[in-house]
*Asks:* 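The structure is given below, and queries will be raised subsequently.
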Amino acid sequence: MNEHLRNDIKYLPGVGSRRAEILYRELGVATYGDLLYTFPFRYIDRTKFYTVNEVNPDLPYIQLRGTIIRFQEIAYGQRQKRYIAYFTDGTGVIELVFFKGLKWIQERLKTGTEYIVFGKPALYNNKVNLVHPEVDEPKADTHTLQSALQGVYRSSEMLQNNGLGQRAFLRLQTHLLNASLSQIEETLPAHLLHRYSLMPLREALYNIHFPQSAERLQQAQYRLKFEELFYIQLDLLRQRNDRKEAARGFVFTSVGEHFNACYRRLPFELTGAQKRVIKEIRYDMGSGRQMNRLLQGDVGSGKTLVALLCMLIAADNGYQSCIMAPTEILARQHFDSIRAFLHDSGIRAGLLTGSTKKKDRRALHEELADGSLHILIGTHALIEDAVQFRNLGFAVIDEQHRFGVEQRARLWSKNEQPPHVLVMTATPIPRTLAMTIYGDLDVSVIDELPPGRRPIKTLHFNDSQRLRVYGFMSEQIRAGRQIYVVYPLIKESEKMDYKNLEEGYEMIADAFPPPEYDTAIVHGKMTADDKHFYMQRFIRGQAQIMVATSVIEVGVNVPNATVMVIESAERFGLSQLHQLRGRVGRGAEQSFCILMTGYKLSAEARKRMELMVTTNNGFEIADADLSLRGPGDLEGTMQSGQVFDLRIADLGRDGQLLEYVRHIADAILAADPALAQPQNTTLRIQLNQLKNQTKNYKDIS
Ligand code: ADP
Ligand code: MG
């Protein structure tokens, strides 16, 4: 990008310092370049007009042509007013409603003049109307570049109230293109443009804002998406190559007595997938390069066991290991199950969490430092400075997306030489997303469940069928099974959610009264000791029912629990539902997942429930999740700093293109690893600039 595009946006005619501030706050636009790369998210055909009698609230932005017949001012609240213009085109009358800037609107709008009105129909006061539409006279806007399709930019009330509505945006983009276009340098090398028939950058930028035809728009979008995804992949792949070259890894040559002893003692055979993954990890650990591997596997696929066996390889070679889990409960669970596998092996494992007592903590620190502790299991307490290993050779990070990049980097830096790193995730990340975010990690997949597991049956009920559900629950309890009942807990509605949880608990305790039944409850407001106490009651089978929030028990493993009841299931995304469902189906008995929802559901929520009922395949669900919601939510669960700021590509829809450009990037690097050849100069320059702009996603450890 050239100097010109680095200009402060406030210098663009029509902006100024106040609007510049708002543009920054609302859209992150600080420079000419930022604005130029703020693309419309939709386009409308401004040759199309609706008639008033066609308008309904499900329509997107529409255009009407007609006149205002009268005005009305309605006072409400203490000092607020709203202003209504009754608009007609002969087929009916629709209200144009204004709440802000009334004075300006009153001065400008007249009855009888022909206007073109542009806005999004909405229901207000039980009537369909247009709130704060754009109202213009039908003459062409001479301040704006002409186009066949009109771009619609992301907007907000704040933007609109400060003269930064759609029309203003088009004008700003016009100024910007007029001033900048001739100075914009091509950002892809000629050989790529030629070979893949890509539209040159200037033309693409012009057409993305002011499409000269639907076809030109499509070519512009393709070119810009191609470029965006291509550079991300080029960057990630180059870093992976660099790291493979540079990062020396501890060499674990022997697979010895600890590994073999534990392996022999396993009460079951490893699945083919587990064996394959262990082989992949062993290969990495012996290669002399530092391992950086993502292990994906559906819940219950046996990832933890794989991690443990690999930790034993580290121990066999004289190195320590650690496993970091996102919650205290999960860490304890790992600790308990790992200890059960280890029993008298001579390998010592310790647990370190936020609630570990000072005295125990000090003892752990000492044993870590002198090497007598082989495996440390814990929460983010592991990365505190006081925790010093004698020789950390292998670090496992469970449920990775709950940890920020920085936390991982700190774990990484516990040694002079970085340990081998295994990141485990139970959230099946769609292939496209994994490639984008972890493009520089190697990926292993456990795509097979231990034998004897029966697929979970998923059923969908609404609130009025609750008694039936209770009847089913008591049958299961009579058969000796245990049950989870999970309530949503979302930050924005936390208070209400806790209320629902407590009411739900009381309802369950009423329906399943002691002493015959015992219901445990676990939630985030309890002390760690209380949580532990109730968890233990459930794990030991003393409590038949566990009422919990969705946050609390991710990763818990109680094979005797066969029923997962998810309350207000419509409030969960698909991946979350699937994750929760994975808490059951871990034993030999038939397990059930019961989705409780309200009677009325949005079409989208209904689709989610149907999908859950019809499939158990985590990858299928993750892909559907991505296309139903877009990647926003998935990314949202990954800590900020890792989130990709994609301007135009859509991971849900552009998966194929992503794979395509990855191959292209790979081939270029294979032929010219340092991008030193003259035809790749543009690539090298662009990559360096990208590095300065974006941050973090390359620091994944
Ligand atoms: P994940 O971490 O992938 O969710 P876990 O490692 O917690 O899965 O394994 C779930 C349960 O399955 C544990 O009780 C574990 O002991 C058991 N398990 C793991 N591998 C096998 C296997 N190959 N055969 C039978 N059971 C297994
Ligand atoms: Mg697990």
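When a ligand or atom number is given, it counts from 1 through the structure's own listing order. Values below: every heavy atom of this structure, side chains too, minus hydrogens, waters and symmetry copies.
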*Asks:* Could you list which atoms of ligand 1 come closer than 4.0 Å to a heavy atom of F341?
*Replies:* 16 (O)
*Asks:* Between F268 and ligand 1, is there a nitrogen or oxygen pair with a distance under 3.5 Å?
*Replies:* no
*Asks:* Would R453 and D298 pass as an ion pair if we require N to O under 4.0 Å?
*Replies:* no
*Asks:* Can you list, pair by pair, the side-chain donor-acceptor contacts under 3.5 Å of residues 470-478, counting residues two or more places apart and other chains?
*Replies:*
| unit_1 | atom_1 | unit_2 | atom_2 | d |
| --- | --- | --- | --- | --- |
| S474 | OG | G471 | O | 3.0 |
| Q476 | OE1 | T562 | OG1 | 2.9 |

*Asks:* Is R537 atom CZ crowded by more than 12 heavy atoms from other residues, nucleotides or ligands, each under 6.0 Å away?
*Replies:* yes
*Asks:* Is a salt bridge present between E604 and R608, judged by a nitrogen-to-oxygen distance below 4.0 Å?
*Replies:* yes
*Asks:* Should one rank S301, G302, G587, G272 by closest heavy-atom distance to atom 9 (O) of ligand 1, which comes out on top?
*Replies:* G302
*Asks:* Record the part of R453 in heavy-atom contact with ligand 1 below 4.0 Å; permitted values are side chain, backbone, both and neither.
*Replies:* side chain
*Asks:* Measure the distances from the heavy atoms of G297 to every atom of ligand 1 and state whether one is below 4.0 angstrom.
*Replies:* no
*Asks:* Check E280 with R293, please: is the shortest side-chain N to carboxylate O separation under 4.0 Å?
*Replies:* yes
*Asks:* For T304, take its heavy atoms, then give the atoms of ligand 1 lying under 4.0 Å from any of them.
*Replies:* 2 (O), 5 (P), 6 (O), 7 (O)
*Asks:* Could you tell me if any non-hydrogen atom of Q296 lies under 4.0 Å from any atom of ligand 1?
*Replies:* no
*Asks:* Check whether any heavy atom of E269 sits under 4.0 Å from an atom of ligand 1.
*Replies:* yes
*Asks:* Below 4.0 angstrom from a heavy atom of L270, which ligand 1 atoms are there? Numbered from 1 as shown, please.
*Replies:* 23 (N)
*Asks:* Which label fits Y319 and F250: parallel for a plane angle under 30°, tilted from 30 to 60°, or perpendicular past 60°?
*Replies:* tilted
